[in-house]
Amino acid sequence: MNYETIVIGAGLAGMMAALGRAERGERVMVLAKGHGSTHWAAGCLDLFAEADDPLGAINQLVQTRPAHPYALAGVAALEQALARVRGVAEAVGYPLVGNAGRNLLMPTALGALRPTAFVPATMVNGEARQLGDGRPTLIAGLHELRDFFPPLIAANLRAQGYAAEGVYLELPPVERAHDFSPVVVARLFERPAFRAALGRQLAALVRKGGYARIGLPAVLGLYNAVEVVRELQALSGALIFEIPTLPTSVPGMRLFHAFEQALTKAGARLQIGGWVLRGEGSNPHLHAVFSEAAAREQRHLARRWVLATGGVMGGGLRAEHTGVVNETALGLPVRTPSGRSDWFQARFLDEAGHPIFRAGIAVDAQLRPLDAADQIVYTNVAVVGSALADFDPIREGCLEGVALATGFAAGQL
């Protein structure tokens, strides 16, 4: 089947671009080797972590760094993208709470406070300004859930001046004997009997300790988290909030499912498990891509393409032992530091970050890829998200913001 647009990659950038094209009436397919950053990020929307007022900082940034993806997409695209993603989440009963003009400070699985602009409604009761009201907070978890340690989280919160205690709950009887991953526990929380048993434990702890709120790992259901939080609040007599765990990210999965429903409603197709091996085209036009299939390659045709495979951290860019960084799907030129010796700073935790993480694909104002001579490689390809050059999404704390802004822009071009 021929498509008008094929999006390569199923992260926030790719899904936002696909939704925009599909809602314009195009035949759209999302082709991806696997799930994108939603499944390993916190499920929040980081716009710019280096400033208390992210939108204000972004407005200044676009004036001083014209090659930054925010400058290429435009602040208006970011604002429209935020409205759209909030609408997508709201449509499945999973509202995102926040303000682009003020970062929230949310506890992590280590008890640190992390700035972010928008969080799921299931997390908002744990914002630092609420934790600081002087009333005690309980951090609760399960021994069976690996990598979530309530005593450690509570101790680190206390070190920052917040009244907090940590406790482990007793796992209600279940048929499983091992492998309690975040996804497995999230499915358990969708069982009324499981919730009721934990709710009784939480109520007893609240009566004994007078806790005003309870922080739980962000595994309170896959599809009905808001209702689960509401029920646990009623059972325990305290406010409930989720704390992101290590991957797999259940809040990120919820956001992915919200986009999946929106894309399906708009008529788009998702093909997860299609590893794009190479492209076929004649400059300046990409005609087809080939993905890995059982014992053969599958050829895909489209009029327009969006590359949303991620950067160095996401596997869209790969460094070879020769010192060359390759773009893995279409073989596009990658802008990197001049030599391998320039990839990293001398100090591992250098505040300026490592130059290699700013490597990526240079693009023009329409997000079309450029070669070393600033000539357009393909006129019918747009590059979005972390595959773009001239920014460090993790250090700058703008992973989701850039993904949404550039994905929205590509969906409207």
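Salt bridge present: E175 and R191 bring a charged side-chain N and a carboxylate O closer than 4.0 Å. Between D390 and R335 there is no salt bridge, since no side-chain nitrogen of the basic residue lies less than 4.0 Å from a carboxylate oxygen of the acidic one. Using a 4.0 Å cut-off between charged side-chain N and carboxylate O, E190 and R195 make no salt bridge. Contact check on E292 versus K33 returns no salt bridge, with no Lys/Arg side-chain nitrogen under 4.0 Å from an Asp/Glu carboxylate oxygen. With salt bridges taken as basic N to acidic carboxylate O contacts below 4.0 Å, one links E280 and R299. The existence of a salt bridge linking R84 and E79 is excluded, since no basic side-chain nitrogen approaches an acidic carboxylate oxygen closer than 4.0 Å. Taking the charged nitrogens against the carboxylate oxygens, R254 and E260 have no contact shorter than 4.0 Å, which rules out a salt bridge.
For the atom pair L232 CG and R230 CZ, the distance stands at 11.5 Å (nearest 0.5 Å). A distance of 4.5 Å separates CZ of R27 from CD of E4, quoted to the nearest 0.5 Å. A distance of 6.0 Å separates CD1 of I8 from CH2 of W305, quoted to the nearest 0.5 Å. Here L388 contributes atom CG and L72 contributes atom CG; the two are 7.0 Å apart, rounded to the nearest 0.5 Å. For the atom pair CD of E127 and CG of L104, the computed distance is 5.0 Å after rounding to the nearest 0.5 Å. Atom CD of residue E231 and atom CG of residue L198 lie 10.5 Å apart, to the nearest 0.5 angstrom.
Closest of all the heavy-atom pairs between H285 and Y378 is C-CD2, 3.5 Å. Between A128 and L113, the shortest heavy-atom contact is CB-CD1, 3.9 Å. What you find for P66 and A71 is that their closest heavy atoms are O-CB, 3.5 Å. Smallest separation of non-hydrogen atoms from S249 and A42: OG-C, 3.9 Å. Closest approach of V30 to A18, counting heavy atoms only: CG2-CB, 3.5 Å. The two residues L202 and A140 have their closest heavy-atom pair at CD2-CB, 4.2 Å.
Using modelled atom types, one finds a donor on one side chain and an acceptor on the other under 3.5 Å when comparing R213 with T137. A donor-acceptor contact closer than 3.5 angstrom is absent between the side chains of Q160 and R158. Donor-acceptor pairing under 3.5 Å is lacking for the side chains of N125 and E242.
Note on ring orientation: taking the six-membered ring where Trp is involved, the planes of H354 and F348 are tilted (angle from 30° to 60°). Ring-plane geometry between H39 and H35 is classed as parallel, the angle between the planes falling under 30 degrees on a 0 to 90 degree scale with a further cut at 60.
Annotation for R24: atom CZ counts as buried by contact number, over 12 foreign heavy atoms lying within 6.0 Å. More than 12 heavy atoms of other shown residues, nucleotides or ligands fall within 6.0 angstrom of atom CH2 in W40. The number of heavy-atom neighbours closer than 6.0 Å to CG of D52, taken from other residues, nucleotides and ligands shown, is 12 or below. Atom CZ of R102 is surrounded by 12 or fewer heavy atoms from other residues, nucleotides or ligands within 6.0 Å.
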Let's go through H257 and Y223 carefully: what are the C-alpha distance in whole Å and the side-chain angles of both, what is the deciding distance for ring pair (Phe, Tyr, Trp, His ring centres under 6.0 Å) to 0.1 Å, and is it a yes or a no?
CA-CA 8 Å; H257 291 318; Y223 301 103; 5.1 Å; yes
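At least one side-chain heavy atom of Y70 sits less than 4.5 Å from a side-chain heavy atom of V402.
Taking the centre of each ring, Y3 and H300 stay at or above the 6.0 Å mark.
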